[in-house]
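Some notes on the structure that comes next.
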2 protein chains.
Amino acid sequence: MRPREFDHDDVLRIAFDQFWRKGVRGTSLSDIARDAGVQRGSLYNAFGSKEALFLQAYERYAGDYLAALQKALGTGSLRKRLTAFFDLTITNFRSGTPPRGCPTTRGLMELGAAEGEGLDEDAREAFASLISRITALVQDTLAAGAARGEFDGNPAAAALHIITVTRGLAVLERAFGDEPQLRKIAGHTIDLVLGRKGGSA
Amino acid sequence: MRPREFDHDDVLRIAFDQFWRKGVRGTSLSDIARDAGVQRGSLYNAFGSKEALFLQAYERYAGDYLAALQKALGTGSLRKRLTAFFDLTITNFRSGTPPRGCPTTRGLMELGAAEGEGLDEDAREAFASLISRITALVQDTLAAGAARGEFDGNPAAAALHIITVTRGLAVLERAFGDEPQLRKIAGHTIDLVLGRKGGSA
DNA sequence: GCATGTTCTTGACACTGTGTCAAATATTTT
DNA sequence: AAAATATTTGACACAGTGTCAAGAACATGC
C-alpha cells in the first residue's frame, strides 16, 4: 500500500474553511487541492466527490459546534443559558473576516434545493440532524428551567420557536450584516419566551 | 432594428420558475433557453449575464409578492391579519410540486455568499430590500393594531421578530419539509407577540 | 533481496456551463 | 434601394466536475 501524502483531517479543515467562506458551489476542488497542497485527483480518490468531501468536513464541524453549544448551555440561570446560546450562535455567524454566516443555513438553502434528487439528500439530512440536535438541547434546557420554576410554558414549542429565530438570524445576517440588530432580536426573543421580566441573571 | 423574437416578460417568468425550482447556481442558461425557445446567445445579448437575468426576474416576483402581501394584511383584526400574513408566507414556501421553498432566503444564502465580489452585491440588495419592505408592512400593521388597542408593545421590535421567524420558517421548510410544523410555529409566534389570548378573531 | 500486490498519485480526457465575439440576418429609416 | 441598427447564431476560450489508465510508493511473502 502506497501511503497517503496528506493528512485526512487537515484536508477536512482546509476544505471546510473554504466551503464556509465561499459556499459549496462556489468552492472548486482545485481551490481546495491548491490550498491543501494535494492533487485534485487525490481528493477524488480519497473522498469520491465534492459533496462527499463537504459532508465529511461538515460532520466534523457539526460535532465541534454541538459540543461548544452543550458547554454554553450548561451553567447559570435559564436566562443566562439562553443568552449564552444566542451569543454563541451569533458569534459563530459573525466569525471570520469578512463574516462567514451560518454554514448550516447556507448549506441547507444551497444544496437542500433539489428535492427528490438523491445526491443532495444526504446533505439535507446532515443539516437537519444538527438542527434537530440543537433543538433537543434547547428543549432540555427549557425543561430543566421549568422544573426549577424559571420558565412557565411548553418547552417543546418554545424550543422550536427559539431554533426558528436562530435560523432567521442566520438569514438576516446575510441580508444586512447588522450584528447589533441580531443581538437585539435575540434579546427580544428571550424576553418574549421568558415573559419579559424573566428570572434575575 | 431587427425585432426581438421572444417576449421579454415571458422569458422572465420562465427563468424565474427555473431559478425558484433549482436555484440560481443550479439553473443553466441553456435550461432557460431551451424552455423559452430562445438561443442562449440571445439571452446574453438581452440581459448581459445570468445574474442580471435573475435580478430582473426576481424584481418581477418581488413586486407581485409584495402586492399580494399588502392585500392579505389589509383586513380584519390584528390577529386575523397576522394569521393571513403567515398563511401567505408558508403557502408561498410550499407552492409547487415539489415545494420550491422561499426564493428570497434561498437566493440570499446562495448568492450572498461570495465575499468581496461586487457582482453578488446587487442581488443581496434586492433580497434585503424585499425583506425590509415586508418588515415595514408588518410594522405598520402592528402600529395600526396598537392604535386600535389590539396590541401592546413595540411595533418595530415585534415586526423585526416576526420577520425573523418567517426567515427561520423558510429554513426549516428546507430542512424538514413539515408544513404542519411550520404552521404550528407561526401560530405560536402570533400568540407570543399578541400575548397568548389576543383579540378575538 | 526481490517479486508481487495494493493503494495512492498523476495527467489526459469527456462533458457541462459561462461568457465573448464576429459574422449573418431581419427590420426601420433615409 | 441603400444604410444604419439591433438581434440571432455558431464558434471559441475558459473553468469546473468526474473518470480513467498508467505510473509510483510502500508492505508483504518468497
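Just so it is clear: chains get the letters A, B, ... in the order the sequence lines come, proteins before strands, and each one is counted from 1.
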Exercise for the section: Evaluate whether atom CG of B:D152 has more than 12 neighbouring non-hydrogen atoms of other residues, nucleotides or ligands under 6.0 angstrom away. Expected result: no
When you measure from the side chain of [X], which nucleotide among [options] comes out closest?
X: B:K50; options: C:dT9, C:dT18, D:dC26; value: C:dT18
X: A:S28; options: D:dT17, C:dT7, D:dA25; value: D:dT17
X: A:Q39; options: D:dT9, C:dT10, D:dG16; value: C:dT10
X: A:R4; options: C:dA26, D:dT5, C:dC8; value: C:dC8
X: A:R2; options: C:dT9, D:dT8, C:dG19; value: C:dT9
X: A:Y44; options: C:dA26, D:dT19, C:dT7; value: D:dT19

Please give, in whole Å, the distance from [N] [atom2] to [X] [atom1]?
X: A:R25; N: C:dT16; atom1: CZ; atom2: P; result: 17 Å
X: A:L29; N: C:dT16; atom1: CG; atom2: P; result: 19 Å
X: B:L53; N: C:dG19; atom1: CG; atom2: C1'; result: 14 Å
X: A:R40; N: C:dA12; atom1: CZ; atom2: C1'; result: 11 Å

Exercise for the section: With DNA chain C as reference, determine whether B:S30 or A:L43 sits nearer its 5' end, using the nearest nucleotide of each. Expected result: A:L43
Completion exercise
Ranking A:E5 and B:S49 by the position along DNA chain C of their nearest nucleotide, the one closer to 5' is A:E5
Problem - Check: A:R21 main-chain N/O paired with A:R100 side-chain donor or acceptor under 3.5 Å - result: no
Completion exercise
Only residue of B:T166, B:V171, B:L169 satisfying side-chain contact (heavy atoms from CB on, under 4.5 Å) with A:T164 is B:L169
Practice task
Measure centre to centre between the rings of B:Y58 and B:F127, then say whether the value is under 6.0 Å.
Solution key: yes
Practice task
Please work out if B:F6 contacts a base, only the sugar-phosphate, or nothing of the nucleic acid, heavy-atom cut-off 4.0 Å.
Solution key: sugar-phosphate
Practice task
Just call it for A:S42: base, sugar-phosphate, or nothing, with non-hydrogen atoms closer than 4.0 Å on any strand.
Solution key: base
Handout entry: Ion pair A:R13/A:D17, N-O distance below 4.0 Å
Key = no
